[in-house]
Amino acid sequence: MKISCKINGKTTVFNTYADKPLVLLLVEDSELTSLSPGCGKGSCGNCVVLLDNHPVLACMVPAFKIRDKEITTYEGYAKTRFYNDVARGYEEAGVKPCSYCMASKTLLIESVIHENSAPEVDDILDMLSINKCSCIDEKDLVKIVETAVKYRRRRRVRRS
Amino acid sequence: MYEGVKAAAVYNPSSLTELTLLRSRLPQALLWAGGTAIMSSIRVYPASDGIDIIFLGNVQELKKISRSERYLEIGSQVSIEQILKVGQHILHPVFARACRESGSYVIRSQATIGGALGIDTLSLNVQTALSVLDSQVEIRNPENKKNRSQWIPVRRMFSRNRERNTLQPAIITKVRILLEEGDFEFFKTVGEPYLAPEEAVIISVFAKYNLPAISEYRFAISFPLYGIFRSREIETAVSSNDLPLDQRDVIRIIRSLREDLQESTFTISPLQQERACRVFEYALHHMNSQSIK
């Protein structure tokens with residue numbers, strides 16, 4: 001089955017099985033290295049990517065569902081200006097996720113601030129709870145997101 | 001690794017008519033709703049069976065939510081997150097809590113209510129809550145020549161003998177939830193129903209009272225691997241009492257629950273039995289304390 005989609009802005013065509021999980025497509029059939037797939041069944045939350053700007057677990061998305069969709073991985077996101085807001089959050093909180101979950105946590109943080117301009121603590125923890133890596137405690141995670149939200153808000157004000 | 005793997009054919013119906021026609025032609029095909037359960041446990045890629053897949057996500061008729069004075073009707077392809085967003089002011093607390101505890105935002109956005117009801121290997125939050133609310137599902141059976149839809153109570157989908165396959169090859173199209181107000185609603189999950197279903201227990205309770213009399217008491221206890229336990233006798237035993245319940249009545253009710261669980265067809269573990277009895281007891285005390293506030 002031929003499936004065409006955009007990965008980090010670049011049109012890509014896969015000749016693959018319809019039910020092959022996206023995580024395997026990204027790891028085996030493209031040259032992306034940011035994903036660290038662990039369980040392959042939605043338990044560890046370490047394969048987050050953005051599908052049309054919504055966070056999904058790449059192990060839970062079959063190939064047929066990515067047809068004509070836009071996929072953003074950590075590599076692509078880290079090149080955007082929005083990444084700076086999250087990076088400042090890490091800087092000000094004085095903590096950074098471990099290399100194993102960096103990609104997933106960063107994309108989840110982006111999703112929180114993208115979908116809610118004033119997220120509450122429950123919203124933040126709910127979104128981030130999908131990633132089971134415990135390298136950062138909840139308090140720091142909230143601080144990172146709140147800082148990122150602050151910088152994103154400033155960016156929006158400047159733009160408007 | 002991929003030797004001998006047969007490619008799955010995916011069908012994308014865009015209307016209910018198209019879906020029904022397709023289903024009558026492919027009764028054995030895998031119905032793909034959100035896909036969270038399929039991708040995580042039931043079907044492991046690469047599969048060598050090359051089964052056909054019917055993807056339900058593009059059928060617009062299955063994505064609608066409507067509300068009348070008496071009930072809320074939810075299309076089977078509405079995501080759990082969407083239900084929480086749209087219906088946050090009208091949902092029963094027991095159902096809202098069951099939805100919220102189904103998983104994190106990422107999972108809830110992908111999982112659908114129809115998919116949750118269609119899982120035939122586990123009984124999880126949504127089924128338990130809908131069962132206690134006496135909700136109904138609309139199913140369409142393509143084998144029925146007139147293709148008429150039929151409403152069946154959710155509790156009938158999860159009988160004690162796990163006769164859930166009787167629905168095959170029917171398609172779940174809608175879920176109807178009565179908007180009756182409860183005076184006491186309780187939902188509790190003990191353990192990890194998805195990761196350790198052999199030890200987990202899910203309990204839902206719905207009750208109405210006109211103090212001091214309990215006018216209605218319904219409960220459902222789910223043992224994820226075995227099904228949903230309901231007992232009319234125990235429900236009647238609770239509702240024949242006045243509030244607040246006397247400690248002796250509570251002990252008597254718990255004893256009969258324990259006996260019923262031992263006599264039931266479920267082969268639950270002692271841990272599950274203990275968990276079920278204790279949380280059920282906690283719910284009774286909780287109702288007591290709420291009634292005297």
Side-chain angles (χ1 to χ4, degrees), chain A residues 1-3 15-25 28-29 37 39-69 104-105 107-109 111-112 114-116 119 122-132, chain B residues 1-12 29-30 32-58 77 79-82 84-85 88 99-112 115 192-197:
Chain A
M1 181 179 204
K2 276 199 174 160
I3 292 165
N15 194 357
T16 185
Y17 294 105
D19 53 349
K20 186 168 182 174
L22 173 60
V23 68
L24 291 182
L25 278 179
E28 293 176 356
D29 303 339
C39 66
K41 55 174 193 169
S43 300
C44 69
N46 261 329
C47 58
V48 175
V49 295
L50 302 180
L51 188 69
D52 282 348
N53 283 326
H54 290 289
V56 292
L57 291 177
C59 65
M60 301 281 243
V61 178
F64 72 83
K65 277 179 96 174
I66 62 164
R67 189 188 290 270
D68 301 329
K69 297 270 167 92
S104 290
K105 277 215 172 81
L107 291 175
L108 287 169
I109 292 169
S111 304
V112 179
H114 179 76
E115 302 201 0
N116 194 340
D122 285 349
D123 300 324
I124 297 169
L125 297 179
D126 179 32
M127 177 72 87
L128 285 150
S129 65
I130 190 78
N131 185 275
K132 300 292 187 298
Chain B
M1 182 183 178
Y2 300 125
E3 259 175 58
V5 176
K6 288 180 192 165
V10 182
Y11 297 87
N12 266 302
L30 183 66
W32 196 293
T36 48
I38 300 174
M39 292 299 280
S40 59
S41 61
I42 301 168
R43 184 185 163 83
V44 182
Y45 178 85
S48 54
D49 50 3
I51 195 168
D52 294 319
I53 293 170
I54 301 177
F55 178 53
L56 306 173
N58 294 326
Q77 288 309 293
S79 74
I80 304 288
E81 181 59 27
Q82 223 176 325
L84 280 173
K85 269 188 189 147
Q88 58 181 332
C99 288
R100 215 171 292 122
E101 290 183 12
S102 301
S104 81
Y105 173 88
V106 178
I107 298 292
R108 293 197 309 261
S109 308
Q110 193 178 337
T112 64
E192 294 270 4
Y194 210 87
L195 299 175

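Residue numbers begin at 1 in each chain, while the letters A, B, ... track the order of the sequences.
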Item to complete: Count the heavy-atom pairs under 4.5 Å between each of L128(A), D126(A), V48(A) and chain B, then report the option with the highest count.
Response: D126(A)
Discussion item. When you measure from the side chain of R108(B) to the backbone of G103(B), do you find a donor-acceptor pair of N or O atoms at a distance under 3.5 Å?
Written reply: yes
Discussion item. Using a 3.5 Å distance criterion without hydrogens, assess whether the side chain of S104(A) forms a donor-acceptor pair with backbone atoms of N46(A).
Written reply: yes
Worksheet entry | Set of salt bridge (charged side-chain N to carboxylate O under 4.0 Å, His left out) partners for D29(A), sequence neighbours left out | K20(A)
Discussion item. Is R100(B) close to chain A through its backbone or its side chain, or both, or neither, when contacts mean heavy atoms under 4.5 Å?
Written reply: neither
Worksheet item: Mind checking what makes ring pair (Phe, Tyr, Trp, His ring centres under 6.0 Å) contact with F64(A), not counting sequence neighbours?
Response: W32(B), F55(B)
Worksheet item: In terms of heavy-atom pairs under 4.5 Å, which option from P62(A), A18(A), S129(A) contacts chain B the most?
Response: P62(A)
